[in-house]
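Just so it is clear, the values below take in all heavy atoms, side chains as well, and ignore hydrogens, waters and symmetry mates. The structure displayed is predicted, hence computed values, not measured ones. Whatever order the structure lists them in is the order used to number ligands and atoms, beginning at 1.
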Amino acid sequence: MRKNIVAGNWKMNNDLAETEMFLVDLKKQVFPEDVAVMVAPPFTSLHHTFNSLREHPVTIAAQNMHQSNEGAFTGEVSAKMLKSVGVSTVILGHSERRAFFNEDGSLLAEKVNTALENKMTLIFCIGEELADRKAENHFSLINRQLSEGLFHISEAAWENVIIAYEPVWAIGTGETASPEQAQEMHQYIRKLINENYNETIAKKVSILYGGSVKPDNAAEIFGQADVDGGLIGGASLKVASFMKIVNAF
Ligand code: PGA
């Protein structure tokens, strides 16, 4: 069956000293066996985090990567570079990348291909803005984001794909989708995968919810039939709140 996953997306937080403080505390924790725990530090902390957590059941993810394998792309980081520091998982298409760095469907399709060619696991993020939901366009928008960025991959590639549904209006706002809204959309995403691929893949892919998940609402959200965990921003920055969420299944 599919995996329960809790992934902490640190965004542009935690320098090396702050990362080390977090890791010292994290390494004292006992991790439940049925939850895959992931942390996504900024690039500058990836190598240290990987080395520090070698003996611990925590996957290290990058928050982004470039679509090319190498070349004259000042300021960018490639899949090969990530792998060279022990990182084989990458978050792609986070709404902040889409909104502030103009990442669109065709660019994300390229990034997805590059990640898969480099044998990486990817967490593909999708989510509607408040205006889309108010206009009742949220289902068609999600369908479009998946069609443009992800639905070209092979059946076999789904082994290495995790989806994160993050309604933009719930990210960092303190406003979460209700458990019913999350379930409704996750069920719809699985239906789309079934239509575009097959039922086996639709049942097997982990779909995470993201957007103001906190220790006090995680259990209810994770308790929904089609929600397999969360992509956590703010509440992942402190080990205590992160672990409460890890233990919320
Ligand atoms: P948040 O962020 O938990 O702070 O709302 C979630 C995310 O952007 O992944």
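- For atom 7 (C) of ligand 1, the nearest non-hydrogen atom of the protein is Glu166 OE2, 3.1 Å.
- Residue Gly210 places no heavy atom under 4.0 Å from ligand 1.
- Using modelled atom types and a 3.5 Å distance limit, the side chains of Asp226 and Gln183 yield a donor-acceptor pair.
- Distance from atom 3 (O) of ligand 1 to its nearest protein heavy atom, with residue and atom name: Gly233 N, 2.9 Å.
- Residue contacts with ligand 1 include Lys11, since one of its heavy atoms falls under 4.0 Å from the ligand.
- In this structure, Gly230 does not count as a contact residue of ligand 1, since none of its heavy atoms falls inside 4.0 Å of the ligand.
- Contacts between Ser236 and ligand 1, counted as non-hydrogen atom pairs separated by less than 4.0 Å, are absent for every part of the residue.
- Looking at Lys204, Arg190, Lys3 one by one, the single match for salt bridge (Lys or Arg N to Asp or Glu O under 4.0 Å) with Asp228 turns out to be Arg190.
- The residue from Ala40, Ser95, Gly172 that puts a heavy atom closest to atom 5 (O) of ligand 1 is Gly172.
- In this structure a side-chain-to-backbone donor-acceptor pair under 3.5 Å is present from Thr114 to Gln67.
- Side-chain atoms of Gln63 come within 3.5 Å of backbone N or O of Lys11 as a donor-acceptor pair.
- Of all the heavy atoms of Asn9, the ones lying under 4.0 Å from any atom of ligand 1 belong exclusively to the side chain.
- For the residue pair His56/Gln29, the side-chain donor-acceptor check at 3.5 Å is not satisfied.
- Considering only non-hydrogen atoms, atom 1 (P) of ligand 1 lies nearest to Ser212 out of Ser212, Gly8, Gly127.
- In terms of protein heavy-atom proximity, atom 4 (O) of ligand 1 is closest to Gly234 N, 2.9 Å.
- The closest side-chain heavy-atom distance from Val39 to Ser236 is not below 4.5 Å.
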